[in-house]
Amino acid sequence: MPIQQLCTVAAATKLNDYAWHLVLEAGRMASMIRPGQFLHIKCGHSRMLRRPISICEWMGDEPEDLVSVVFEVRGDGTAWLSRRKPGDRLDVLGPLGNGFDVQRKGKYLLVGGGIGVPPMLGCVTPGSIAILGCRSADREMPALTEKFREECKEVILCSDDGTVGYHGFVDAQVRAVLEKEKGFTALLACGPKPMLRAVWRAAAEFGVPVRVSMEERMACGVGACLGCATPMADGTMKHVCKDGPVFNAEEVDWNA
Ligand SMILES: Cc1cc2nc3c(=O)[nH]c(=O)nc-3n(C[C@H](O)[C@H](O)[C@H](O)COP(=O)(O)OP(=O)(O)OC[C@H]3O[C@@H](n4cnc5c(N)ncnc54)[C@H](O)[C@@H]3O)c2cc1C
Ligand code: FES
């Protein structure tokens with residue numbers, strides 16, 4: 001069951017010109033988290049809806065009951081969040097969503113694009129390979145890249161304009177990895193929908209199961225309002241907040 005509580009900001013840092021990293025004292029919440037889940041954070045004015053932000057890292061061992069999130073400013077809510085300082089308190093509901101099923105001994109191909117990179121950090125296992133994509137060098141989050149390097153078997157960086165890492169999209173790197181390396185338990189991915197679709201198509205050529213974390217605008221965050229309904233390949237609709245945000249790629253209607 002998710003819980004709602006006031007969390008004190010323990011640290012607030014900028015990762016690059018666009019992305020902020022907040023560490024929250026999350027209490028009991030920190031011991032309930034699965035990779036790929038998210039927090040629903042009230043951003044400012046009491047009438048403003050909460051904003052969903054994925055969990056990046058967490059430490060569930062008291063007294064280090066810390067949870068971190070990484071976000072980019074898109075509108076009023078995230079702009080307000082970017083002005084929070086250590087000591088400020090945030091009204092947080094979580095952890096929400098189903099999350100990724102990650103086995104410690106599993107060998108995963110982790111694929112993150114843009115602001116979809118931070119949630120993949122929680123999925124890392126020692127046998128994993130991570131492919132991290134960004135638009136350009138100024139969008140890379142070097143502190144996060146370093147953490148992936150410390151914990152993964154291999155990290156491959158790429159950018160749309162070639163200013164950092166390989167020049168090109170992550171799906172090209174997915175094909176390159178799957179051509180040389182076998183035995184992946186699954187490919188887990190988070191990022192914009194066109195990226196997820198391309199990654200799924202690439203992995204399907206090699207028969208690797210794919211789980212994707214989807215984004216949809218949200219209101220309640222707990223399956224009560226239909227605000228986040230997303231179409232599935234079988235013609236049904238599912239709630240990204242409650243049935244997801246993680247889905248088997250073949251379940252998703254990629255043409256919607
Ligand atoms: C499950 C989930 C996890 C997320 N995790 C992260 C994260 O870890 N880091 C992060 O930076 N962002 C994340 N997002 C996106 C984040 O929730 C939105 O950027 C945020 O709600 C925008 O709020 P705002 O008030 O700043 O902007 P608004 O004024 O509400 O919107 C600004 C612009 O962003 C678009 N937008 C708003 N919400 C979404 C959304 N959910 N998906 C796509 N576009 C949107 C709007 O259409 C508009 O163009 C996540 C979204 C979901 C659903
Ligand atoms: S946001 Fe209300 S049902 Fe998902």
Side-chain angles (χ1 to χ4, degrees), residues 2 4 12-24 26 33-58 67-84 90-100 110 112-123 132-135 139-141 143-144 147 188-197 211-232 236-247 252 256:
Q4 181 188 350
T13 45
K14 252 184 126 173
L15 294 178
N16 59 31
D17 284 348
Y18 309 92
W20 278 258
H21 181 248
L22 286 187
V23 182
L24 307 177
I33 293 167
R34 286 195 306 278
Q37 288 189 296
F38 65 94
L39 301 180
H40 216 20
I41 305 177
K42 198 174 257 189
C43 296
H45 196 286
S46 60
R47 274 181 303 173
M48 190 178 237
L49 292 173
R50 294 174 180 275
R51 296 293 186 255
I53 304 289
S54 299
I55 294 164
C56 177
E57 291 182 284
W58 63 97
V67 172
S68 72
V69 291
V70 173
F71 61 94
E72 285 187 358
V73 172
R74 293 283 153 82
D76 289 350
T78 43
W80 181 89
L81 209 52
S82 72
R83 296 192 293 272
R84 294 315 95 197
L90 292 178
D91 181 337
V92 178
L93 176 66
L96 295 176
N98 56 356
F100 289 105
L110 307 176
I115 205 62
V117 166
M120 301 320 297
L121 198 52
C123 299
L132 312 178
C134 55
R135 225 182 282 171
R139 297 263 176 181
E140 196 215 335
M141 294 171 269
L144 288 194
K147 288 195 179 199
L188 313 179
C190 185
K193 195 167 176 182
M195 180 206 102
L196 296 177
R197 182 176 44 211
R211 305 265 292 156
V212 294
S213 180
M214 306 288 293
E215 263 202 22
E216 211 46 77
R217 297 221 63 169
M218 281 187 191
C220 71
V222 293
C225 74
L226 294 179
C228 64
T230 197
M232 295 284 118
T236 61
M237 300 290 278
K238 286 206 170 163
H239 295 125
V240 170
C241 68
K242 195 159 162 259
D243 305 318
V246 175
F247 295 96
V252 175

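Counting starts at 1 for both ligands and their atoms, in listed order.
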Novice: Any N or O on Met214 sitting closer than 3.5 Å to an N or O of ligand 1?
Specialist: no

Novice: Would you kindly specify which portion of Val73 sits under 4.0 Å from ligand 1, judged on non-hydrogen atoms: side chain, backbone, both or neither?
Specialist: neither

Novice: Any idea how many protein N, O or S atoms are nearer than 2.8 Å to atom 4 (Fe) of ligand 2?
Specialist: 2

Novice: Any N or O on Gly75 sitting closer than 3.5 Å to an N or O of ligand 1?
Specialist: yes

Novice: If you define the side chain from C-beta out and look only at heavy atoms, does anything of Arg51 sit under 4.5 Å from Leu81?
Specialist: no

Novice: As an exercise, identify every atom of ligand 1 less than 4.0 angstrom from a heavy atom of Glu216.
Specialist: 41 (N), 53 (C)

Novice: For Pro245 and ligand 1, does the shortest N/O to N/O distance drop below 3.5 Å?
Specialist: no

Novice: Report, in ascending order of atom number, the atoms of ligand 1 lying under 4.0 Å from any heavy atom of Met218.
Specialist: 1 (C), 53 (C)

Novice: Roughly how far, to the nearest 0.5 Å, is OG1 of Thr230 from CG of Asp243?
Specialist: 10.5 Å

Novice: Might you confirm whether atom CZ of Arg197 has over 12 heavy atoms from other residues, nucleotides or ligands at distances under 6.0 Å?
Specialist: yes

Novice: Please check if the number of heavy atoms outside Lys193 that lie under 6.0 Å from its NZ is greater than 12.
Specialist: yes

Novice: Going by the order shown, which atoms of ligand 1 are within less than 4.0 Å of some heavy atom of Thr78?
Specialist: 24 (P), 25 (O), 26 (O)

Novice: Does a side-chain heavy-atom distance below 4.5 Å link His40 with Val92?
Specialist: no

Novice: For ligand 1, which atoms have a heavy atom of Phe71 less than 4.0 angstrom away?
Specialist: 9 (N), 10 (C), 11 (O)

Novice: Select the closest option to atom 6 (C) of ligand 1 among Gly44, Cys241, Ser54, judged by heavy-atom distance.
Specialist: Ser54

Novice: Considering only heavy atoms, which of Glu215, Arg74, Arg217 lies nearest to atom 36 (N) of ligand 1?
Specialist: Arg217

Novice: Hey, could you give me the CD1/CG distance between Ile115 and Leu15, rounded to the nearest 0.5 Å?
Specialist: 8.0 Å

Novice: Hey, does Phe247 have a side-chain heavy atom less than 4.5 Å from the side chain of Asn98?
Specialist: no

Novice: Would a 4.5 Å heavy-atom cut-off, applied to side chains only, mark Ile55 and Pro95 as touching?
Specialist: yes

Novice: Return the CD1 to CD distance between Ile53 and Glu72, rounded to the nearest 0.5 Å.
Specialist: 10.0 Å

Novice: For the residue pair Leu22 and Leu90, establish whether any side-chain heavy-atom pair is separated by less than 4.5 Å.
Specialist: yes

Novice: Indicate whether the side chain of Asp91 and that of Gln4 have a donor and an acceptor atom separated by less than 3.5 Å.
Specialist: yes

Novice: If I take atom CZ from residue Phe71 and atom CG from residue Leu39, how far apart are they, to the nearest 0.5 angstrom?
Specialist: 12.0 Å

Novice: Tell me, please: is Val240 in heavy-atom contact with ligand 1, that is, under 4.0 Å?
Specialist: no

Novice: Could you tell me if any non-hydrogen atom of Ile115 lies under 4.0 Å from any atom of ligand 1?
Specialist: yes

